A.B. asks: 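Take this structure first; my questions come after.
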Amino acid sequence: MSAYWETLSHNGVNFPEEYVPSGLTIKVNGAEAQLTPLAEEMAYHLAKKKDTPYIQDPVFTSNFMKDFSKLLPPAYRRATYSEVDFSRFFNQVDQERADKESMSKEKKKSLAAKRKNSREALKARYGRATVDGKEVEIANWMVEPPGLFMGRGQHPLRGSWKPRVTQDDVILNLDEKTTAPAGKWKQVVHDHNSMWMAKWVDKLTEKEKYVWLHETSPIQQSRNMAKYDKAQAVGKNLDRIRSKIEEGLESNDEVAAQVATVCYLIDRLGMRVGDEKDEDEADTVGASTLRVEHVQIDGPTVEFKFLGKDSVPWLKKDTPPPAVVRNLKRLTSGKSQDAEVFHHVSSQMVNQFLSSIVPGLSAKVFRTYHATATADEVLHSKNFSHAEDLDKLYHAKEANLAAAVFCNHQRTPPKTWEQSLEKKKERLELARASGSEARAQKLEREVDFYVRTKNYNLNTSMKNYIDPRVYKKWCDEVGLEWAKVYSKSLQKKFSWVSPEDAVSEPGVGVSPPASGAKHSP
DNA sequence: AATGAGACTTGGAAAAATGTTT
DNA sequence: AAACATTTTTCCAAGTCTCATT
């Protein structure tokens, strides 16, 4: 492994402010109980969730109580959630909301400005690093504050207290010549082979948390470009890759056959590979970790139904080649519902197989390649030489939607979705009634798109999957500013594509990346 | 060679910012 | 200019994948 940087200096990380106790108390079975500052902080965080579904979730509240009750006077340490009266905290939160609500416009504005100012001041100190003599932004320079763990889906730890990170939890990464900022750090390292600025271990989940450079930094820029180059290599080699997979499907070697079947699902259905997960995480799966209960074979068609990353429902029907159906039948019959279909396969084996075909190829590259190819295909499915910008823009969104659907980037629609649709329909009817044909057509398309994107999240595909060069090329072809397609932050993220089009911000983020991804030592 | 810790990328929800309608 | 709707950004959880270690 070679170095990412020669010199690296920064001012460490910014820690969130201490909680200021207000002396609020609770009642346990009707009796007053005093709280330690930490217990009060926890109760306050719980109260902040008072009007959300989380607080209705018994696992959430019982996990909360597990951590909270430890801090109560001995007599109350066995208290359950329903025995505790948090109403003073709930009232406090309601009061704060009401105060905020009734604030004058001016007051709100001045408070917002003040927040922004102090944030800017902190950012000036902690938000940038000097890498190889060049100043670059740091992405997440604020340390995560303590709070209730908000795991997705049925995460076993949801509602648990995520403790505060202190300076002596944090390891800094700096060059040898830089003096570490004052105070006692857990450790200061000079790891040129790592991109992180700082890290610590989350005390609740025991997972490593990292502080990274901003996407505009040369290191991230060149890695981002390399990612899409790798995806292009899939396209160039797709026939060869697929014939290797087909060959594997027929193999008498059980391991090879299973690996190949997993690769079919990754390539053709866009599944993630699915690493093994711990007991104390949400139960989600990917291709290699599918269980019998997730696969339904009906003649030549197979239905896959499971919870994927972030507990997002994943549902696809497919009519695979006979070899795949045969393998799936063999691997699901005679097993219990909760048995793994591909009991011989690990994600490492899948990646080892893939990289034996194309060096550096791994499972996730298929999603990048196919999302990009899908968007590209939709973009070029129609001629836009004489269209309006708005038409072009919608077409760009269509391409994005197709990629998001392929990747199964689903969202929970906003609470106001239905009523918003009604309003749109009303406006459409109004336009029709008044005979304004052009406006009616516009609104019709708006309604149609609104309905089709109801359950889809269009940000992730734009940010992580579609090669920005595809949009850049298409925009140039049809004469559309690419700034209309990408938000400011995405323009900056993708400034490696065309520095001249990027939003300019003095000093930071607009220069092209260094030619090599890493320095040679 | 297999395993798991560590490093890096991807992800939806919620907050904040911006745009539109009343 | 308030109220509401939509878009963008932030947050940090949750994946993937490599490499050091045994």
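This structure is a prediction, so every number in the text was calculated from the model and none was measured. Below, chain A is the first sequence line, B the second, and so on; all start at residue 1.
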A.B. asks: Any side-chain heavy atom of A/Met462 within less than 4.5 Å of one from A/Tyr486?
C.D. replies: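 Side chain of A/Met462 against side chain of A/Tyr486, heavy atoms only: contact under 4.5 Å found.
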
A.B. asks: Around A/Gln352, counting heavy atoms of other residues, nucleotides and ligands shown, do more than 12 lie under 6.0 Å from its CD?
C.D. replies: no

A.B. asks: Please state whether the base of C/dG15 and the side chain of A/Arg272 form at least one donor-acceptor pair under 3.5 Å?
C.D. replies: no

A.B. asks: If you count every heavy atom of other residues, nucleotides or ligands that lies below 6.0 Å from A/Glu176 atom CD, does the total exceed 12?
C.D. replies: yes

A.B. asks: Applying a 4.0 Å non-hydrogen cut-off, can you work out what A/Tyr54 is touching in the nucleic acid: base, sugar-phosphate, or nothing?
C.D. replies: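 It contacts sugar-phosphate atoms only.
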
A.B. asks: Check this one for me: any side-chain N or O of A/Tyr465 less than 4.0 Å away from OP1 or OP2 of B/dG11?
C.D. replies: yes

A.B. asks: How many angstroms lie between NZ in A/Lys203 and NZ in A/Lys162, if you round to the nearest 0.5 Å?
C.D. replies: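 Rounded to the nearest 0.5 Å, the NZ-NZ separation comes out at 11.0 Å.
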
A.B. asks: For C/dA14 and A/His155 - does any side-chain N or O of the residue sit under 4.0 Å from the phosphate oxygens OP1/OP2?
C.D. replies: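 Result: yes.
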
A.B. asks: Could you tell me how far apart A/Glu446 (CD) and B/dT20 (P) are, to the nearest whole angstrom?
C.D. replies: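 That distance rounds to 11 Å.
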
A.B. asks: Is there a donor on the side chain of A/Lys227 or the base of B/dT9 sitting less than 3.5 Å from an acceptor on the other?
C.D. replies: no

A.B. asks: For DNA chain B, whose closest nucleotide is more 5', that of A/Trp196 or that of A/Ser461?
C.D. replies: A/Trp196

A.B. asks: Rounded to the nearest 0.5 Å, what's the gap from CZ on A/Arg164 to CG on A/Asp169? Could you check?
C.D. replies: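 The CZ atom of A/Arg164 sits 11.5 Å away from the CG atom of A/Asp169.
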
A.B. asks: So, does A/Ser194 get its side chain near the phosphate of B/dG6, meaning an N or O under 4.0 Å from OP1 or OP2?
C.D. replies: no

A.B. asks: Ignoring backbone atoms, establish whether A/Lys309 has a side-chain N or O less than 4.0 Å from OP1 or OP2 of B/dT10.
C.D. replies: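 No, because none of the side-chain N or O atoms of A/Lys309 sits under 4.0 Å from OP1 or OP2 of B/dT10.
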
A.B. asks: For C/dT6, take OP1 and OP2 only and decide whether either is under 4.0 Å from a side-chain N or O of A/Lys424.
C.D. replies: yes

A.B. asks: Is there a salt bridge (Lys or Arg N to Asp or Glu O under 4.0 Å) between A/Glu418 and A/Lys454? Walk through the geometry before answering.
C.D. replies: CA-CA 10 Å; A/Glu418 304 287 347; A/Lys454 178 179 182 187; 3.2 Å; yes

A.B. asks: So which nucleotide from C/dA13, B/dG12, B/dA7 ends up closest to the side chain of A/Glu208?
C.D. replies: B/dA7

A.B. asks: Tell me which nucleotide among C/dT6, C/dG15, C/dC12 gets nearest to the side chain of A/Tyr450.
C.D. replies: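 The closest nucleotide is C/dT6.
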
A.B. asks: Check every strand shown and say whether A/Gln419 touches a base, only sugar-phosphate, or nothing at a heavy-atom separation below 4.0 Å.
C.D. replies: sugar-phosphate

A.B. asks: Need one value for A/Arg158: base, sugar-phosphate or nothing, where a base atom within 4.0 Å counts as base even if backbone is also close, heavy atoms only.
C.D. replies: nothing

A.B. asks: Using whole Å, what does the distance between atom P of nucleotide B/dA13 and atom NE2 of A/His409 come to?
C.D. replies: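 Nearest whole value for this atom pair: 12 Å.
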
A.B. asks: Closest to the A/Lys199 side chain: B/dG6, C/dA14, C/dT8?
C.D. replies: B/dG6

A.B. asks: Does C/dA13 have its OP1 or OP2 closer than 4.0 Å to a side-chain nitrogen or oxygen of A/Lys209?
C.D. replies: yes

A.B. asks: May I ask you to evaluate whether A/Thr412 reaches the phosphate of B/dA13, defined as a side-chain N or O under 4.0 Å from OP1 or OP2?
C.D. replies: yes

A.B. asks: When you get a sec, tell me which of C/dA13, C/dT9, C/dC17 is the closest nucleotide to the side chain of A/Arg152?
C.D. replies: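 Per side-chain heavy atoms of A/Arg152, the pick is C/dA13.
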
A.B. asks: Pick the closest DNA chain B nucleotide for A/Lys100 and for A/Gln348 by heavy atoms, then say which residue is nearer the 5' end.
C.D. replies: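 Nearest nucleotide further toward 5': that of A/Gln348.
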
A.B. asks: Output yes when at least one side-chain N/O atom of A/Arg411 is less than 4.0 Å from OP1 or OP2 of B/dA13, else no.
C.D. replies: no

A.B. asks: Is the phosphate of B/dT9, meaning OP1 or OP2, less than 4.0 Å from a side-chain N or O of A/Gln220?
C.D. replies: yes

A.B. asks: Look at the side-chain N and O atoms of A/Ser420 and state whether any lies under 4.0 Å from the OP1 or OP2 oxygen of C/dT6.
C.D. replies: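 So the side chain of A/Ser420 is within the cut-off, an N or O lying under 4.0 Å from OP1 or OP2 of C/dT6.
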
A.B. asks: Separation of A/Asp310 atom CG from B/dG12 atom P, in whole Å?
C.D. replies: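 Taking CG of A/Asp310 and P of B/dG12, I get 6 Å after rounding.
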
A.B. asks: To the nearest Å, how far apart are A/Asn351 CG and B/dT9 C1'?
C.D. replies: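 So the two atoms are 14 Å apart, to the nearest Å.
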
A.B. asks: Could you check whether A/Ala282 gets within reach of a base, just the sugar-phosphate, or nothing at all, counting any heavy atom under 4.0 Å?
C.D. replies: nothing

A.B. asks: Working to the nearest 0.5 angstrom, can you tell me the gap between A/Asn117 CG and A/Leu122 CG?
C.D. replies: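 Answer rounded to 0.5 Å: 11.0 Å.
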
A.B. asks: A/Asp278 CG to B/dG6 P: how many Å, rounded?
C.D. replies: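 The distance from CG of A/Asp278 to P of B/dG6 comes to 14 Å, rounded to the nearest Å.
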
A.B. asks: May I have the distance from A/Trp161 (atom CH2) to C/dC12 (atom P), rounded to whole angstrom?
C.D. replies: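 Rounding to the nearest Å, CH2 of A/Trp161 and P of C/dC12 are 12 Å apart.
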
A.B. asks: At under 4.0 Å, does any side-chain N or O of A/Tyr486 touch on OP1 or OP2 of C/dT7?
C.D. replies: no

A.B. asks: Hey, does the side-chain of A/Asp275 have a donor or acceptor N/O within less than 3.5 Å of a partner on the base of C/dC17?
C.D. replies: yes

A.B. asks: Give a yes/no answer on whether the side chain of A/Thr416 brings an N or O atom under 4.0 Å of OP1 or OP2 in C/dC4.
C.D. replies: no

A.B. asks: For A/Lys364 and for A/Pro145, find the nucleotide of DNA chain C with the closest heavy atom, then tell me which residue's nucleotide is more 5'.
C.D. replies: A/Pro145

A.B. asks: Would you say A/Ser362 places a side-chain N or O within less than 4.0 Å of OP1 or OP2 belonging to C/dC17?
C.D. replies: yes

A.B. asks: For a quick check of understanding: with a heavy-atom distance under 4.0 Å over all strands, which category does A/Gly286 fall into, base, sugar-phosphate or nothing?
C.D. replies: nothing

A.B. asks: Which residue lies toward the 5' end of DNA chain C, A/Asp202 or A/Leu361, if each is placed at its nearest nucleotide?
C.D. replies: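 In this pair, the answer is A/Asp202.
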
A.B. asks: Can you check whether A/Thr284 has a side-chain N or O nearer than 4.0 Å to OP1 or OP2 of C/dG15?
C.D. replies: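 Answer is yes, contact under 4.0 Å.
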
A.B. asks: Mind calculating the distance between CE (A/Met349) and P (C/dC17) to the nearest angstrom?
C.D. replies: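 The distance from CE of A/Met349 to P of C/dC17 comes to 15 Å, rounded to the nearest Å.
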
A.B. asks: Name the closest nucleotide to the A/Met142 side chain, picking from C/dA14, B/dA14, C/dC11.
C.D. replies: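 The closest nucleotide is C/dC11.
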
A.B. asks: Quick one: label A/Ser347 by what it contacts on the DNA or RNA (base, sugar-phosphate, nothing), any heavy atom closer than 4.0 Å.
C.D. replies: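 Nothing: the residue A/Ser347, judged by heavy atoms under 4.0 Å, touches no strand.
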
A.B. asks: Distance from A/Ser461 atom OG to A/Leu401 atom CG, nearest 0.5 Å?
C.D. replies: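 If we round to the nearest 0.5 Å, A/Ser461:OG and A/Leu401:CG are 8.5 Å apart.
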
A.B. asks: Whole Å only: how far is the CZ atom of A/Arg367 from the C1' atom of C/dG15?
C.D. replies: 10 Å

A.B. asks: Which part of the nucleic acid, if any, lies within reach of A/Lys162 when heavy atoms closer than 4.0 Å are counted: base, sugar-phosphate only, or nothing?
C.D. replies: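 Counting heavy atoms under 4.0 Å across all strands, the contact made by A/Lys162 is with sugar-phosphate only.
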
